[in-house]
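Here is the naming used below: chain letters follow the sequence lines, and residue numbers restart at 1 for every chain.
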Amino acid sequence: MLNFIDTVGEAVAGIKDGSTVMIGGFGNAGQPFELIDALMDCGARELTVVNNNAGQGDQGLALLIKEGRVKKMICSFPRQSDSWHFDAKYKAGEIELELVPQGNLAERIRAAGAGIGGFFTPTGYGTMLAEGKETRILDGRGQVFETPIHADVALIKALKADGVGNLVYRKTARNFGPIMAAAAKHTVAQVSEIVPTGGLDPEVIVTPGIYVNSIVKVA
Amino acid sequence: MLNFIDTVGEAVAGIKDGSTVMIGGFGNAGQPFELIDALMDCGARELTVVNNNAGQGDQGLALLIKEGRVKKMICSFPRQSDSWHFDAKYKAGEIELELVPQGNLAERIRAAGAGIGGFFTPTGYGTMLAEGKETRILDGRGQVFETPIHADVALIKALKADGVGNLVYRKTARNFGPIMAAAAKHTVAQVSEIVPTGGLDPEVIVTPGIYVNSIVKVA
Amino acid sequence: MSIQTASIQTSETPLGRDDLARLVARDIKPGSFVNLGIGQPTLVSNYLQPEQNITLHTENGMLGMGPEATGDQIDGDLINAGKIPVTELPGASYFHHADSFAIMRGGHLDICVLGAFQVSATGDLANWHTGAPDAIPAVGGAMDLATGAKDVFVMMTLLTRDGASKIVEACTYPLTGVGCVTRVYTDKAVFLTGPDGVTVRETFGCTLEELQALVPVPLTAAPAVEP
Amino acid sequence: MSIQTASIQTSETPLGRDDLARLVARDIKPGSFVNLGIGQPTLVSNYLQPEQNITLHTENGMLGMGPEATGDQIDGDLINAGKIPVTELPGASYFHHADSFAIMRGGHLDICVLGAFQVSATGDLANWHTGAPDAIPAVGGAMDLATGAKDVFVMMTLLTRDGASKIVEACTYPLTGVGCVTRVYTDKAVFLTGPDGVTVRETFGCTLEELQALVPVPLTAAPAVEP
């Protein structure tokens, strides 16, 4: 069921300790900053967070990590020039890291939403990120078996929603939003604008409303 | 490389005997009738054809089958009220059939375009269409291993192309076009309109031009 | 149509196809995303009420499908899975076949309604192939629908023309899906199926005892909690 | 810059980063779809000529990426894989991350250009991890790029600061991809790598003999057929 929610606080209120939370965005583009701040405020702990990175600077996901609320990160690129909170937790052994090549991360998220139980990908074959994983030669190439990444909740950012929850995005801010919306049991989208149903061309909708549970407008 | 081609005949001239040819469309929507007719005229034989159906009435794919040009059909629904040419060839043992559930057909085509070596799907598990196939319990469900379907050529229909081969479709005529374009080594698109580059909104492009090799405008 | 007071509800006569479609439509929870299979299940769309706010999916690439198109509405690029021209409702969206079946396989549809040759006591479905050795097989999206939706409702007559029950201990026709059917709507009764066997929610023109005489699997009355 | 008459072409001095970027740009065939990795490879975009008609892909979801944005062009929703604001060219398109990496993994990109720590004689690439036990690993799209493109070009200095060759018999750093590199552009030479070993297409400020003295794998002159 779709709900339009007034505040980001209410939108994340149902997130429980121990949840797996997907957070959209690549760099700042598509990052649902307000929803992440609300997740900080709601107090949920022992989170597994799926995001391309592991927080930057002193904001958003980086603060969640600093405050010890994240048990495990599943991401492709945790180390950045300003990922000091993750770096400190990691070196102290206080956070788990599952490092996944970016395209495998995207495909595993897509697989979860698409009901695919697992797949073989050439990416990572012969590298330490394939250690311990099943491999097979397919189409003449070494390939690694990867499994879907499901989530309890996805927090994403889109440009516009209509009255049935259809979403469109803007430029490279699209990135992980559409696949995370499909992979999570409950998807919360923050949007810049809500238009009447029928106000989005059916040909251009990127995320159909079936994948969206809660929408909150963020100014 | 992208080429704009004047006639459907030239567009399919390179199709060789023994090729695997994907043909877009579901029902009449999205069927590239003119390209199929041109394929008939070009004389290529021993074709493996990938399409949702196996021809209807006395036109298009049905005629290719009638004339004995199709060695094998890979499809989900060959039997229809007017699939008499396929029916006759099949009963005479003159055509091979690989029957694939429609969603597995779509996902196998997508896998080819996406460089996925194979995947596990719950669809078909425990049925005769999974006989002889590897199975595994994943995410608590029985799943069947399916492999990508690659093609030499895809013949598809779109609404508009721009100067770099980006495509948009119309309503349910989108169906198999986007995934076939990605799965084939060479993709030929017949379109109703060619607009200047920049004439399609980058947010609404369904098939990026990277997947398209030949475009022919069909009135 | 049915007496609402007993845990087994009854009507005086078997239900016709339209009454059955009306009953299925009534049972679909508001806000559901639903796929209606080709044939008898398509009738259900005639009885969905606007206030139920049901979104119809068609596997050839659309959510928000409207009623069958008539007259000037007919557009060859807008068809349903049965290749019938349909219409588009406000809020509709289009997508390609892989994305469409991802919606289905990924478990995002609440209900699909399918016809059937047979349903087993544990919810196995047979609806795509008679098993006749000379039959030309055609499966379409049947297996994907059976496997993907959260609930699979079957609509069928209870008996074949020869009087045999289509609810069976184990399917003799080739399977479409294993343990996937949750409810069976027939002219004589509504059955709930699952790993623990078959219960009866309503009967139409017969008693539970009379029904049991027709059906070769043990039947019990369903708890009254069903809608 | 280089003498075009010998099968081994030479310049009088080693190439600087910009000259090397210009050389890579010149070698990209017209009409190619290309992904330029973060860092040194990004310089290549400065030397692509409009008449080459090159389409740039950025793995965060775009084809048809234009030059770095400046001034009013800067838009936080339009960035490249290095998170630098960029621009959009006519004919651009946007897509989500799974579709973007499908373009890459599916072998649709003609060339990707990457930096490297080491390249082996058979084209193995190491460019994501120093192997230091206390290093925080981060891979991003490196493995996907290395595996997906039809041709993988590496740009790097030939020698480490300590004077060791980065072209090696076998990588000692953790691998990014196996047998994926087809060309290596360095300040001292352009190498072609593949299952049969390493050949040299051009040298810059050194002879083949001098180059061989620096590189611990057998080098031969490449046939003159390369562009």
Part of [X] within contact of chain C (heavy atom distance under 4.5 Å):
{"X": "B/R170", "answer": "both"}
{"X": "B/Y90", "answer": "side chain"}
{"X": "B/Y169", "answer": "neither"}
{"X": "B/N104", "answer": "both"}
{"X": "B/L97", "answer": "side chain"}

At a heavy-atom separation under 4.5 Å, does [X] approach chain B through its side chain, its backbone, both, or neither?
{"X": "C/F101", "answer": "side chain"}
{"X": "C/D99", "answer": "neither"}
{"X": "C/S93", "answer": "neither"}

Leading residue by heavy atom contact count with chain B [cutoff under 4.5 Å; candidates [options]]:
{"options": "C/L145, C/V139, C/D75, C/L175", "result": "C/V139"}
{"options": "C/A135, C/P174, C/G61, C/G140", "result": "C/G140"}
{"options": "C/C180, C/G148, C/P137", "result": "C/P137"}

Interface residues of residues 121-132 of chain C facing chain B - non-hydrogen atoms under 4.5 Å apart:
C/W128, C/H129
Given side chains that start at C-beta, do those of B/V12 and B/L35 come closer than 4.5 Å, heavy atoms only?
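Yes; the side chains approach each other to less than 4.5 Å.
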When you measure from the side chain of [X] to the backbone N and O of [Y], does any donor-acceptor pair fall under 3.5 Å?
{"X": "C/D151", "Y": "C/I111", "value": "no"}
{"X": "C/T147", "Y": "C/M143", "value": "yes"}
{"X": "C/N60", "Y": "B/T172", "value": "no"}
{"X": "B/E131", "Y": "B/T127", "value": "no"}

Considering only heavy atoms and a distance below 4.5 Å, find which of [options] pairs most often with chain C.
{"options": "B/R79, B/E107, B/K91, B/M128", "answer": "B/R79"}
{"options": "B/P101, B/A173, B/G126", "answer": "B/P101"}
{"options": "B/R141, B/R108, B/R110", "answer": "B/R141"}
{"options": "B/T121, B/L129, B/V206", "answer": "B/L129"}

Begin from the C-alpha positions of C/E88 and B/K171 and carry the test salt bridge (charged side-chain N to carboxylate O under 4.0 Å, His left out) through to its verdict.
CA-CA 9 Å; C/E88 169 190 299; B/K171 301 190 184 282; 2.8 Å; yes
Under-4.0 Å salt bridge between [X] and [Y]:
{"X": "B/E98", "Y": "B/K72", "result": "yes"}
{"X": "B/K133", "Y": "B/E146", "result": "yes"}
{"X": "C/D27", "Y": "C/R201", "result": "yes"}

Against the six-membered ring of B/F33, is B/K157 placed for a cation-pi contact (under 6.0 Å from the centre, within 45° of the normal)?
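Geometry flag: not set, cation outside 6.0 Å or 45°.
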Is there a donor in the side chain of C/Q52 and an acceptor in the side chain of C/K29, or the other way round, less than 3.5 Å apart?
no
Between C/H97 and B/Q102, is any side-chain donor less than 3.5 angstrom from a side-chain acceptor?
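Checked: C/H97/B/Q102 side chains pair up, N/O donor to acceptor below 3.5 Å.
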Do C/F153 and C/Y185 have their ring centres less than 6.0 Å from each other?
yes
